[in-house]
Number of protein chains: 2
Amino acid sequence: MTKPKGKKEKPDKYIRILEAAIKVFAEQGFFNSTVAQIAKEAGVADGTIYLYFKSKDDILAQFFSYKTKLIFDRFIEEVNKAENAGDKLRNLIRRHFEEFQNDPDTAVVFQTERHQFHTSDIKMKDMIKMYLNIIADIIEQGQEEGSVRKDLYVGLVKRYIMGAVDEVINTWVNSGRQYDLVSMADPLVDLYLKGIGAND
Amino acid sequence: MTKPKGKKEKPDKYIRILEAAIKVFAEQGFFNSTVAQIAKEAGVADGTIYLYFKSKDDILAQFFSYKTKLIFDRFIEEVNKAENAGDKLRNLIRRHFEEFQNDPDTAVVFQTERHQFHTSDIKMKDMIKMYLNIIADIIEQGQEEGSVRKDLYVGLVKRYIMGAVDEVINTWVNSGRQYDLVSMADPLVDLYLKGIGAND
DNA sequence: ATTTATAATGAATATATATTCATTTCAACC
DNA sequence: GGTTGAAATGAATATATATTCATTATAAAT
């Protein structure tokens, strides 16, 4: 029998546990979630978790690296579709909003837990650095093109951009995700480029 | 004897425990900290904590409301020292950076834990709303004065400002607080006002 | 059918720690 | 110096839950 009836789900059990964990974490936060809850949500025994993950902490660590890889590839792909710096920035942020809007559990866990684990072995700093680097490259390209001011402290600018993106997502998450996040992208990019000051 | 020798520290035991808790939370995070550690740091017995606080959660809740009141009063005071919107925004952010730089433990706890307790009874949303309102008032004043663009979505602008402030502080906290945070205020306000786009 | 290897189970374990409360200390007053 | 009430103590309790591991199921191989 080369075609099994329905009992061949080996490779995706890892994924199934991860997805279940994300759901539980999103609902209750990492520290308030129990391994037993994750197991139940995934439809496996408690002990099974430990065949795929070293510890509860490891589940969160795996989640971050797994999702980050997936998402960042799409960010870069989307950035590369554009030619000039302004469009690249717009594409990055729009795609960021799209990804999070389409995967709200991931969004919640990212926004809620990302500030906790800077000391642990979760490679949070590396992730953030990657994101900041994408932005820095765009800024520098813009400066070469002449579309971006040259008298900028890029180390500050990239955080200014990332911070605003982050807060807009936070607001959306904490509102119960009731409105369209993606529609915030264009007005936000407009603020980055033009600022709030009246053009005299 | 109306002048006790040195054993009259009643009103500040509450404060002492709070400060100790903040220190412990800053070092290890709320969930990884134990009540016993806080008691030790404060130089009191474990049980004494419960004469002043309902629970471990309550310590964090008290901290937020206690510190928030203190700090926000100073924010408003500082904003009121300025006349026009630009200076008000500058004063707000500079004072924000000053407060956090002078009280690093508070800064760490704020930045680390503020994204966790949106569902709990900690009045996080109210605190954030207060801050956003200060900003919104400044923006609107700027629009009346003519120094700020009128075609702005204020609901977005205030988050854009707060988010960037937040991220700049995060970076400082996660760097081990090695550089002068306050010096970031002016360049940041410059970005808000002028944006990154080349003025054509 | 029997063996073998792998995967999964879930009850039992081990530990950690928030909270309680019976007891003690303290300071003021008579 | 004895009495009183409040404040503080810290050992004991109660609970929760991450992790382990002896046992069982599963599937393939012979």
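Throughout, a chain's letter reflects where its sequence line sits, starting with A, and its residues are numbered from 1. Quantities reported herein were computed from a predicted structural model and do not represent experimental measurements.
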inquiry  = Which nucleotide wins on minimum distance to the side chain of A/Lys56, given the candidates C/dT19, D/dA18, C/dA7?
reply    = D/dA18

Lys/Arg-Asp/Glu bridge criterion (N-O < 4.0 Å) met for A/Glu78, A/Lys81 = yes

ask   = With sequence neighbours left out, what residues match A/Phe97 under ring-ring contact (aromatic ring centres under 6.0 Å, His included)?
value = none

C/dT19 OP1/OP2 closer than 4.0 Å to side-chain N/O of B/Lys54 = no

key: Check ion pair A/Lys40-A/Asp46 (N to O, under 4.0 angstrom)   = no

Validation row: B/Thr106, B/Phe63 side chains within 4.5 angstrom (heavy atoms) = yes

remark   = Closest of D/dA18, D/dA8, C/dA18 to the B/Tyr50 side chain is C/dA18

query = Out of C/dT19, C/dT9, D/dA8, which nucleotide sits closest to the side chain of B/Ser55?
reply = C/dT19

request  = Would you jot down, in residue-number order, the residues of residues 34-47 of chain B having a non-hydrogen atom under 4.0 Å from DNA chain C?
outcome  = B/Thr34, B/Val35, B/Gly47

message = Do the side chains of A/Asp186 and A/Arg94 get close enough for a salt bridge, i.e. N-O under 4.0 angstrom?
response = yes

ask   = Are OP1 or OP2 of D/dA8 and a side-chain N or O of B/Tyr52 less than 4.0 angstrom apart?
value = yes

message = Between A/Ser33 and A/Gly29 (side chain of the first, backbone of the second, donor and acceptor by atom type, cut-off under 3.5 Å), is there such a pair?
response = yes

